[in-house]
S.K.: 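Questions regarding the structure given below will be posed in turn.
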Amino acid sequence: MIKIYNTLTSKKEEFAPITPGAVKMYACGVTVYDYSHLGHARGAVVFDVIQRYFRRKGFRVTYVRNFTDVDDKIINRAKEEGTTAAEVAQKYIQAYQEDMARLGVSRADVEPRATGHIKEMVEVIKGLIEKGHAYVVDGNVFFRVASFAGYGKLSKRNLEDMQAGARVEVDERKNDPLDFALWKASKPGEPAWDSPWGPGRPGWHIECTAMGFKHLGETFDIHAGGKDLIFPHHENEIAQSEAFSGKRFVNYWLHNGFVNINQEKMSKSLGNFFTIREILDQYDAEIVRLFLLSTHYRSPIDFSDGNLKDARAGLDRFYTMKEGIKNYLAGKMPPAVRPEQVIEGADRPLYEKILNLRTVFEEAMDDDFNTAFAIGLIYDLVRDVNKFIAEVEGKREDAAYIILSAAADAFDNVGKTLGIFLRDPEEWFKAARLGEGKVSLPMEKIEEYIHLRNEARARKDWAEADRIRLVLDEAGVALYDRSGGTVWKPK
RNA sequence: GGCGGCGUAGCCAAGUGGCUAAGGCAGAGGUCUGCAAAACCUUCAUUCAUCGGUUCAAAUCCGAUCGCCGCCUCCA
């Protein structure tokens with residue numbers, strides 16, 4: 001059974017879906033006014049793995065991830081660029097989709113846009129006014145926070161604390177500084193939609209309520225987002241949603257930790273961010289994905305060159321093993337024997353451990369999606385499999401075949417949920433790493449040098465062999481003489 | 001000021017009451033190798049920021065102290 005840390009209760013809880021066998025999940029997407037940065041990537045990757053994991057466990061998942069495509073920042077950006085808000089939004093939605101595709105993030109089942117749900121938002125706002133939870137001032141509509149008894153239950157703060165600490169200039173039209181805008185009257189030239197209160201545009205929080213209601217219902221299982229959304233965004237969502245429906249809005253609130261740089265939050269306002277595409281120009285997407293999954297999703301993760309290099313080293317290690325498996329299995333046929341007939345006693349524990357990987361992986365993931373631990377389990381098995389490969393000479397071929405193909409299957413199986421470890425080793429070592437621009441020779445030239453070097457080695461001309469090794473080394477190519485021949489990898 | 005979180009080896013990082021504190025990187029020694037690399041083996045925290053307390057038993061619970069971070073304003 002899956003246990004999830006719920007921000008609302010500050011505890012890990014057993015996941016009990018509203019509808020047995022189904023998960024209704026909403027993740028706050030991005031405001032599309034600029035390229036997304038690594039912090040956005042973290043949430044996307046983490047919640048992608050979580051929704052994949054639910055599917056793996058047999059749940060019917062409806063995953064909604066929205067785009068905020070109307071907002072002050074989009075309007076400002078449009079002004080700066082002399083274009084329209086709609087064009088700005090379209091451009092960065094496109095860019096986001098490209099970034100996500102490169103990171104291997106699956107498409108959500110529904111990817112709604114705020115501007116496509118104005119009607120739904122207006123309906124919710126109307127209902128809130130009728131129920132006395134909202135009021136109209138000069139074409140603006142504000143939510144009356146004091147009218148909702150549970151306000152503060154998600155972010156664990158009470159109204160007095162917040163008023164004491166209020167340090168923003170207060171919109172004079174609000175009855176109370178904590179009240180927030182549901183609908184904003186548009187200024188001339190701004191995007192505007194007709195409403196009972198005059199032309200305007202929605203406030204930020206109302207979109208998630210309206211889109212969540214429409215695509216998932218008035219109560220759904222999971223609502224996810226970055227920790228910085230807890231207050232005020234998610235707190236406000238709860239207030240307006242529950243005030244409107246009279247029902248519990250969301251059962252489990254999940255919040256991912258930040259990506260830090262030098263122990264500081266990566267953010268637009270600090271200017272210390274790297275866009276996803278900048279990072280992907282330097283590091284293969286799989287490195288980034290492994291890096292993001294190597295820390296539990298609720299903890300902060302520090303972005304640094306060293307940490308990305310660690311992730312790369314991990315992938316080198318994994319794919320070296322995968323290459324070893326592949327080389328062994330190449331050209332051999334699956335034996336028509338039962339595993340228990342041919343696997344010798346000494347290898348039984350390894351075989352059991354391989355078959356057990358799926359189970360222990362799921363135990364780790366069941367515990368609040370502990371990808372870091374799950375990856376540790378994978379590397380633990382990598383070492384065992386490498387040991388087996390190192391000693392495979394003396395083994396029965398049919399038994400070795402069964403063990404190694406079972407290992408390949410097991411790694412593949414868990415890799416699919418994480419979205420890593422799935423490539424062909426050859427592709428990893430060559431295409432992926434070549435893509436980082438570290439090798440300054442074309443592949444054909446490299447192969448030619450290797451051929452020349454092996455001729456030199458055949459006549460025991462070690463000086464020439466070493467000279468060629470050095471030439472390739474300077475071009476960023478490392479050579480390894482294996483029993484099956486010489487292979488090369490980017491340094 | 002209010003609220004929340006974190007502090008585990010040189011580095012990254014699991015572990016939240018009880019077997020030997022996962023896993024990776026880096027380091028040291030070894031096997032292998034024409035030389036290398038990879039891989040494998042051995043080694044690498046008597047100790048979990050500090051100090052007290054609770055308990056038969058704590059990195060894990062409680063209190064205090066120090067340090068760091070986040071939210072309270074748009075923020076994944």
Side-chain angles (χ1 to χ4, degrees), chain A residues 7 10 12 27-31 33 36-47 68 71-73 76 152 155-158 160-169 178 204 224-233 235 255-260 263-270 273 290-291 294-296 298-302 304 306-314 316-318 320-321 323-324 364 367 370-391 457 460-463 465-466 469 473 478-483 486-489 491:
Chain A
T7 306
S10 309
K12 276 187 203 170
C28 281
V30 289
T31 301
Y33 71 105
S36 296
H37 61 65
L38 189 60
H40 301 107
R42 186 181 194 189
V45 166
V46 157
F47 298 128
T68 300
D71 169 89
D72 288 350
K73 282 182 293 212
N76 291 339
S155 54
K156 314 288 183 298
R157 41 189 101 189
N158 58 52
E160 299 82 72
D161 291 343
M162 287 184 276
Q163 276 151 352
R167 57 183 168 87
V168 274
E169 79 283 14
L178 287 174
W204 175 33
K227 271 190 156 82
D228 46 2
L229 297 184
I230 294 171
F231 190 89
H233 185 51
E235 196 68 73
H255 293 97
N256 65 277
F258 301 128
V259 175
N260 289 344
Q263 320 223 50
E264 264 186 337
K265 179 185 174 185
M266 178 183 287
S267 74
K268 291 271 178 179
S269 44
L270 289 171
F273 63 91
L290 175 60
F291 161 70
S294 295
T295 301
H296 186 92
R298 281 191 285 117
S299 303
I301 185 169
D302 212 50
S304 70
N307 288 344
L308 272 288
K309 289 214 166 88
D310 273 4
R312 171 189 288 142
D316 278 345
R317 183 172 163 78
F318 181 83
T320 297
M321 175 213 66
E323 187 177 52
D367 185 13
N370 195 338
T371 54
F373 187 70
I375 289 166
L377 292 168
I378 290 169
Y379 279 103
D380 192 36
L381 189 57
V382 166
R383 194 187 51 238
D384 293 336
V385 171
N386 273 330
K387 181 179 164 68
F388 182 83
I389 292 172
E391 297 165 353
R457 291 175 68 218
K460 297 200 193 297
D461 183 352
W462 308 127
D466 289 347
R469 178 193 282 286
D473 183 78
L479 297 183
Y480 311 100
D481 299 320
R482 303 265 171 83
S483 54
T486 300
V487 298
W488 69 272
K489 295 172 185 178
K491 267 208 289 190

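Throughout, a chain's letter reflects where its sequence line sits, starting with A, and its residues are numbered from 1.
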S.K.: Who does G67(B) pair with, Watson-Crick or G-U, both distances under 3.5 Å?
M.R.: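 Looking at the geometry, G67(B) pairs with C6(B).
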S.K.: Measuring from the side chain of Lys387(A) (C-beta onward, heavy atoms only), which nucleotide among A14(B), C71(B), C40(B) has the closest atom?
M.R.: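 From the listed options, C40(B) comes nearest.
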S.K.: Rounded off to whole Å, could you give me the CG-to-P distance for the Leu479(A) and U33(B) pair?
M.R.: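 So the CG-P distance, Leu479(A) to U33(B), works out to 19 Å.
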S.K.: With the stacking rule set at 5.5 Å and 30°, tell me whether Tyr480(A) counts as stacking on A37(B).
M.R.: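 So no, this residue does not stack on that base, at least one cut-off failing.
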S.K.: Looking at the base of C35(B), is there any donor atom on it, or on the side chain of Arg469(A), that sits under 3.5 Å from an acceptor on the other one?
M.R.: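 By the distance-only test, yes, there is a pair.
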S.K.: Please determine, for the side chain of Asn386(A), which listed nucleotide (A39(B), A76(B), A13(B)) has the closest atom?
M.R.: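 Between A39(B), A76(B), A13(B), the one nearest the side chain of Asn386(A) would be A39(B).
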S.K.: Please report the distance separating the P of G15(B) from the corresponding atom of G30(B), rounded so that it comes out in whole Å.
M.R.: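 About 37 Å, rounded to a whole number of Å.
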S.K.: Nearest of A76(B), C74(B), A39(B) to any side-chain atom of Thr31(A)?
M.R.: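 Nearest listed nucleotide: A76(B).
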S.K.: Compare side-chain N and O positions of Asn370(A) against OP1 and OP2 of G15(B) and report whether any pair is under 4.0 Å apart.
M.R.: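 Checking Asn370(A) against G15(B): at least one side-chain N or O falls below 4.0 Å of OP1 or OP2.
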S.K.: How long is the span from the NZ atom in Lys268(A) to the CZ atom in Phe273(A), to the nearest 0.5 Å?
M.R.: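 Nearest 0.5 Å value for the NZ-CZ distance: 4.0 Å.
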S.K.: Remember a base hit wins even if backbone is also touched, and classify Ile375(A) as base, sugar-phosphate or nothing at under 4.0 Å, heavy atoms.
M.R.: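 No contact at all - Ile375(A) keeps every heavy atom at 4.0 Å or more from the nucleic acid.
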S.K.: If you measure from the P atom in C12(B) to the same atom in G5(B), how many Å do you get, rounded?
M.R.: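 Each nucleotide's P atom is 23 Å from the other's.
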S.K.: Let's test this: given Watson-Crick or G-U wobble pairing with both distances under 3.5 Å, identify the partner of C40(B).
M.R.: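 Across all strands, the one nucleotide that pairs with C40(B) is G30(B).
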S.K.: What integer distance in Å separates Asn260(A):CG from G7(B):P?
M.R.: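 Taking CG of Asn260(A) and P of G7(B), I get 14 Å after rounding.
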S.K.: Please check: side-chain N/O of Tyr379(A) versus main-chain N/O of Gly314(A), any donor-acceptor pairing under 3.5 Å?
M.R.: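 Yes; at least one donor-acceptor contact below 3.5 Å.
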S.K.: State whether Arg457(A) places a side-chain N or O below 4.0 Å from either non-bridging phosphate oxygen (OP1 or OP2) of C35(B).
M.R.: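 Looking at the OP1 and OP2 atoms of C35(B), neither is under 4.0 Å from any side-chain N or O of Arg457(A).
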S.K.: In terms of side-chain heavy atoms of Arg383(A), which of G24(B), C72(B), A14(B) is nearest?
M.R.: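 So the side chain of Arg383(A) is nearest to G24(B).
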S.K.: What is the pairing partner of U60(B), taking Watson-Crick or G-U wobble pairs with both distances under 3.5 Å in any strand?
M.R.: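 Check on U60(B): unpaired, no WC or wobble geometry under 3.5 Å.
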S.K.: Using a 4.0 Å heavy-atom cut-off, does Ser36(A) contact any base of the nucleic acid, only the sugar-phosphate backbone, or nothing at all?
M.R.: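 Nothing, no nucleic acid heavy atom in range.
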S.K.: Do the non-hydrogen side-chain atoms of Asp367(A) and Lys12(A) ever get within less than 4.5 Å of each other?
M.R.: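 When only atoms from C-beta onward are counted, Lys12(A) and Asp367(A) do touch, with a gap below 4.5 Å.
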S.K.: How many Å lie between CZ on Phe318(A) and C1' on C25(B), as a whole number?
M.R.: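 Going from CZ in Phe318(A) over to C1' in C25(B) covers 18 Å.
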S.K.: Tell me whether Asp228(A) is salt-bridged to Lys265(A), with the criterion being a basic N under 4.0 Å from an acidic carboxylate O.
M.R.: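 Looking at Asp228(A) and Lys265(A), the cut-off is met.
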S.K.: In whole angstrom, give the distance that lies between atom CZ of Phe291(A) and atom P of A14(B).
M.R.: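 Going from Phe291(A) (CZ) to A14(B) (P), I get 12 Å.
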S.K.: Need to verify one output field. Residue with the more 5' nearest nucleotide on RNA chain B, Asp380(A) or His233(A)?
M.R.: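 Checking each residue's closest nucleotide, the 5'-ward one belongs to Asp380(A).
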S.K.: Using a heavy-atom cut-off of 4.0 Å across all strands, would you classify Phe231(A) as base, sugar-phosphate, or nothing?
M.R.: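 Sugar-phosphate: the residue Phe231(A), judged by heavy atoms under 4.0 Å, touches backbone atoms but no base.
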S.K.: Is Ile230(A) touching bases, backbone alone, or none of the nucleic acid, heavy atoms closer than 4.0 Å?
M.R.: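 Nothing, no heavy atom under 4.0 Å.
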S.K.: Looking at NE2 of His255(A) and SG of Cys28(A), how far apart are the two atoms once the value is rounded to the nearest 0.5 Å?
M.R.: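 Answer rounded to 0.5 Å: 7.5 Å.
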S.K.: Report which part of the nucleic acid His37(A) touches: base, sugar-phosphate, or nothing (heavy-atom distance under 4.0 Å, all strands).
M.R.: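 Since a base atom lies under 4.0 Å of His37(A), the category is base.
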S.K.: I'd like the C1' distance from C25(B) over to C61(B), given in whole Å.
M.R.: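 Result for the C1' pair: 34 Å, nearest Å.
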S.K.: Would you mind telling me which of G70(B), A38(B), C68(B) lies closest to the side-chain atoms of Gln263(A)?
M.R.: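 Given the options G70(B), A38(B), C68(B), the side chain of Gln263(A) is closest to C68(B).
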S.K.: If I pick the C1' atom on U16(B) and the same atom on A59(B), what distance separates them, to the nearest angstrom?
M.R.: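 So the two C1' atoms sit 9 Å from each other.
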S.K.: Just checking Met266(A): base, sugar-phosphate only, or nothing, at a heavy-atom cut-off of under 4.0 Å?
M.R.: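 The answer is base, as Met266(A) lies within the cut-off (heavy atoms under 4.0 Å) of a base atom.
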S.K.: Specify the separation, in whole Å, of atom CG of Leu381(A) and atom P of A22(B).
M.R.: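 Whole-Å distance recorded here is 18 Å.
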S.K.: Taking 4.0 Å as the cut-off, does a side-chain nitrogen or oxygen of Arg317(A) come that near to OP1 or OP2 on A39(B)?
M.R.: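 Looking at the OP1 and OP2 atoms of A39(B), one of them is under 4.0 Å from a side-chain N or O of Arg317(A).
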S.K.: With rounding to whole Å, what would you report as the distance between C68(B) and C32(B) at their C1' atoms?
M.R.: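 After rounding to an integer number of Å, I get 47 Å for this pair.
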S.K.: Taking the side chain from Asn370(A) and the backbone from Phe373(A), do they hold a donor-acceptor pair closer than 3.5 Å?
M.R.: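 Flag set: sc Asn370(A) to bb Phe373(A) pair under 3.5 Å.
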S.K.: I'd like to check His40(A) versus Met266(A) (side-chain heavy atoms, cut-off strictly below 4.5 Å). Are they in contact?
M.R.: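 Answer no - side chains too far apart.
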S.K.: Give none if G1(B) has no partner; otherwise give the nucleotide forming a Watson-Crick or G-U wobble pair with it, both distances under 3.5 Å.
M.R.: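 G1(B) is paired, partner C72(B).
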S.K.: For U47(B), give the paired nucleotide (Watson-Crick: N1-N3 plus N6-O4 or O6-N4; G-U: N1-O2 and O6-N3; both under 3.5 Å), or none.
M.R.: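 Pair assignment: U47(B) / none.
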S.K.: With both distances kept under 3.5 Å, what pairs with U55(B), Watson-Crick or G-U wobble?
M.R.: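 Its partner: none found.
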S.K.: To the nearest angstrom, how far is Arg312(A) atom CZ from A38(B) atom P?
M.R.: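 Taking atom P of A38(B) as the reference, CZ of Arg312(A) is at 15 Å.
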S.K.: Between Lys265(A) and C71(B), is there a side-chain N or O to OP1/OP2 distance below 4.0 Å?
M.R.: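 Indeed, a polar side-chain atom of Lys265(A) lies that close.
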S.K.: With a 4.5 Å heavy-atom cut-off, do Arg469(A) and Asp481(A) have their side chains touching?
M.R.: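 Answer yes - side chains close enough.
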S.K.: In whole angstrom, give me the gap between the C1' atoms of C44(B) and G1(B).
M.R.: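 After rounding to an integer number of Å, I get 46 Å for this pair.
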S.K.: As a test of reading the structure: which of C40(B), G4(B), A22(B) is closest to the side chain of Lys156(A), going by heavy atoms?
M.R.: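 Minimum distance to the Lys156(A) side chain belongs to G4(B).
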S.K.: In whole angstrom, give me the gap between the C1' atoms of G18(B) and G24(B).
M.R.: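 Looking at atom C1' only, G18(B) and G24(B) are 27 Å apart.
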S.K.: Between G17(B) and G53(B), how far apart are the two C1' atoms, rounded to whole Å?
M.R.: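 It comes out at 16 Å once rounded to the nearest Å.
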S.K.: Quick one: His255(A) NE2 to C71(B) C1', roughly how many Å, whole number?
M.R.: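 My rounded result for the distance is 11 Å.
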S.K.: Quickly work out the Glu235(A) CD to C74(B) P distance and round it to whole Å.
M.R.: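 Distance, rounded to whole Å: 14 Å.
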S.K.: If you pin Leu38(A) and Gly376(A) to their nearest nucleotides in RNA chain B, which one's is more 5'?
M.R.: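 On the 5' side of the pair lies Gly376(A).
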S.K.: Please tell me if Asn256(A) has a side-chain N or O lying less than 4.0 Å from either OP1 or OP2 of A76(B).
M.R.: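 Result: no.
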S.K.: NA contact type, Gly257(A), heavy-atom cut-off 4.0 Å: base, sugar-phosphate, or nothing?
M.R.: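 Since a base atom lies under 4.0 Å of Gly257(A), the category is base.
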S.K.: May I ask you to verify whether the side chain of Asn307(A) and the base of C11(B) hold a donor-acceptor pair under 3.5 Å?
M.R.: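 No pair found.
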S.K.: Considering Watson-Crick and G-U wobble pairs with both distances under 3.5 Å, what does G17(B) pair with?
M.R.: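 Answer to the pairing question: none, since G17(B) forms no Watson-Crick or G-U pair.
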S.K.: Starting at CD1 of Ile301(A), measure out to CG of Leu38(A) and round the result to the nearest 0.5 Å.
M.R.: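 Ile301(A) atom CD1 to Leu38(A) atom CG measures 8.0 Å (nearest 0.5 Å).
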S.K.: Under 3.5 Å, is there any donor-acceptor pair linking the side chain of Asp466(A) to the base of G34(B)?
M.R.: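 Under the 3.5 Å cut-off, the side chain and the base do form a donor-acceptor pair.
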S.K.: Side-chain contact, heavy-atom cut-off 4.5 Å: Ile378(A) with Phe318(A)?
M.R.: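 Heavy-atom side-chain distance check passes, below 4.5 Å.
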S.K.: For Val259(A), which contact category applies under a 4.0 Å heavy-atom criterion: base, sugar-phosphate, or nothing?
M.R.: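 Contact class for Val259(A): base.
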S.K.: NA contact type, Gly314(A), heavy-atom cut-off 4.0 Å: base, sugar-phosphate, or nothing?
M.R.: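 Nothing: the residue Gly314(A), judged by heavy atoms under 4.0 Å, touches no strand.
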